Amino acid sequence: MTAGWSLDGRTALVTGGSRGLGFASAQALLARGAKVAIISRNDADVKAAAARLDSGTSPNVLPIVADVTDDESVKAALAQAHGWQGRLDILVNNAGPQLAPTPVTEADLDVITSAFDTKLFGFLRVSRAALPLLSETGKGSIVNVAGATAHVPIPNTGVTGIINASVVALTSFLASEAAPTNVRVNAISPGMTKTEGWLAKNEAAAAQQDISADDVRAGVVKALGIRLGRWAEPAEVGAAVAFLTSDDASYITGQVLRVDGGLSKPVA
């Protein structure tokens, strides 16, 4: 286990855990001692991710195939995750769609509806199923992955921004309702992060513009005014998730941690 906030003895569930920020979150939780179940809709993807995450002789990662848009699938996944170690301490809601850039006034309503069903309603479905199980341990924690577009009107990301802002609101209301059972609920809002999806987009843009992918990312940094002058590594976002689930964050609930390198610039 690496240095950091200890999660020894705890069991976590990460939705959308086979790639991107879900995978990075699972890595961070594992590194701090937790057992981690990861959910994906694709059987091959989730099993391959579990194999990459867990190279030990004892199983520390449980791959689960489930669809967060289906109530029965969600309930079955939560039962499987809880039954694995006989407890559930941590839920990371991360599963969400990858949306093509488009002005919100031109976005297809069916696309918007589907995106809400996957992310906002998916987060709610999984949280509802998890809360009774999380309350059993006395140290339950939920972290919802929102995004910088909840706070910053980045061009052509309106649909994503509306959904992420809804996730922020959901986090606040869930935190109030879960507090009596000692379950904390927080969110993180990552900024530009070098996930597999973004790296592929960077390479495609670089080929079109005849520049390097690093130059593409540098252009985004300049255009958005990211204070730290670079994109995040996925592990930096994962570390924020791990912190919020740990005892070092035991008096934090209903908050949104902006892990965006200074992209958003609130005054207060």
Side-chain angles (χ1 to χ4, degrees), residues 14-17 19-25 39 68-69 91-128 141-176 178 184-198 201 220-221 223-227 231-232 234 236-241 243-245 252-266 268:
V14 181
T15 71
R19 65 186 66 188
L21 296 181
F23 186 87
S25 298
I39 285 179
V68 298
T69 67
L91 167 64
V92 180
N93 279 314
N94 171 74
Q98 295 291 322
L99 299 176
T102 184
V104 69
T105 52
E106 299 175 12
D108 187 295
L109 289 179
D110 288 339
V111 171
I112 297 174
T113 300
S114 177
F116 267 106
D117 194 26
T118 301
K119 187 159 187 177
L120 178 65
F121 301 151
F123 283 20
L124 179 56
R125 286 186 193 96
V126 180
S127 296
R128 281 176 168 174
S141 175
I142 297 175
V143 178
N144 295 323
V145 179
T149 54
H151 318 286
V152 181
I154 299 171
N156 296 321
T157 65
V159 175
T160 301
I162 292 166
I163 295 168
N164 284 336
S166 299
V167 168
V168 170
L170 173 66
T171 299
S172 183
F173 281 99
L174 279 178
S176 295
R184 298 181 299 105
V185 185
N186 293 290
I188 62 165
S189 278
M192 307 310 297
T193 308
K194 292 193 285 187
T195 59
E196 303 101 304
W198 271 116
K201 291 177 182 178
V220 173
V221 168
L224 296 180
I226 299 174
R227 285 170 168 161
W231 288 44
E236 293 176 301
V237 178
V241 170
F243 165 69
L244 286 174
T245 67
I252 300 174
T253 196
Q255 304 305 306
V256 182
L257 179 56
R258 304 187 189 194
V259 193
D260 64 9
L263 188 163
S264 57
K265 302 170 180 65

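Here the structure is a predicted model, which is why all the values come from computation and not from measurement. Computation of the quantities below employed the complete heavy-atom set of this structure, encompassing side-chain atoms and omitting hydrogens, waters and symmetry-equivalent molecules.
- Screening Thr149, Thr102, Val152 against Thr157 for a side-chain contact (heavy atoms from CB on, under 4.5 Å) leaves a single residue, Thr149.
- Of all the heavy atoms in Leu224 and Leu263, the pair that sits closest is CD1-CD1, 3.8 Å.
- The heavy-atom pair separating Ala146 from Lys119 by the smallest distance is O-NZ, 3.4 Å.
- Side-chain contact check for Trp231 versus Val220: some heavy-atom pair is nearer than 4.5 Å.
- Side chains of Phe116 and Ile162 form a contact here, defined as non-hydrogen atoms less than 4.5 Å apart.
- To the nearest 0.5 Å, the span separating CZ on Arg19 from CD on Gln98 amounts to 8.5 Å.
- Considering only heavy atoms from C-beta on, Phe243 comes within 4.5 Å of Ile252 through its side chain.
- Residues Leu21 and Thr193 form a side-chain contact, since some pair of their non-hydrogen atoms from C-beta on lies under 4.5 Å apart.
- Interatomic distance, Ser114 OG to Asp108 CG, rounded to the nearest 0.5 Å: 10.0 Å.
- Val237 approaches Ala232 most closely through the heavy-atom pair CG2-CB, 4.4 Å.
- Applying the side-chain contact (heavy atoms from CB on, under 4.5 Å) test between Val143 and each of Val14, Leu257, Ile188, Thr171 identifies Ile188 as the sole match.
- Interatomic distance, OG1 of Thr253 versus CG of Asn186, reported as 5.0 Å (0.5 Å rounding).
- Considering all non-hydrogen atoms of both residues, Val104 and Gly158 come closest at CB-CA, 4.1 Å.
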Checklist entry - For Ser127 and Asn93, what are the C-alpha separation, side-chain angles and deciding distance, and is it a side-chain hydrogen bond (donor to acceptor under 3.5 Å, both in side chains)? => result CA-CA 8 Å; Ser127 296; Asn93 279 314; 3.0 Å; yes
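- Counting heavy atoms from C-beta outward, Leu244 and Ser141 have side chains that stay 4.5 Å or more apart.
- In this structure the side chain of Asn94 never reaches within 4.5 angstrom of the side chain of Ser25, judged on heavy atoms.
- In this structure, CZ in Arg128 is found 9.0 Å from CG in Leu174, a value given to the nearest 0.5 Å.
- Smallest separation of non-hydrogen atoms from Gly191 and Ala148: CA-CB, 4.0 Å.
- Inter-residue side-chain proximity for Arg125 and Asp117 is flagged as met; some heavy-atom pair is nearer than 4.5 Å.
- The minimum heavy-atom distance between Arg227 and Ser264, with the atom names listed, is NH1-O, 4.2 Å.
- Here OG1 of Thr15 is found 9.0 Å from CG of Asn144. Values are rounded to the nearest 0.5 Å.
- For the pair His151/Val168, a side-chain contact is recorded, criterion being any heavy-atom separation below 4.5 Å from C-beta on.
- Contact check on Asp260 versus Lys265 returns no salt bridge, with no Lys/Arg side-chain nitrogen under 4.0 Å from an Asp/Glu carboxylate oxygen.
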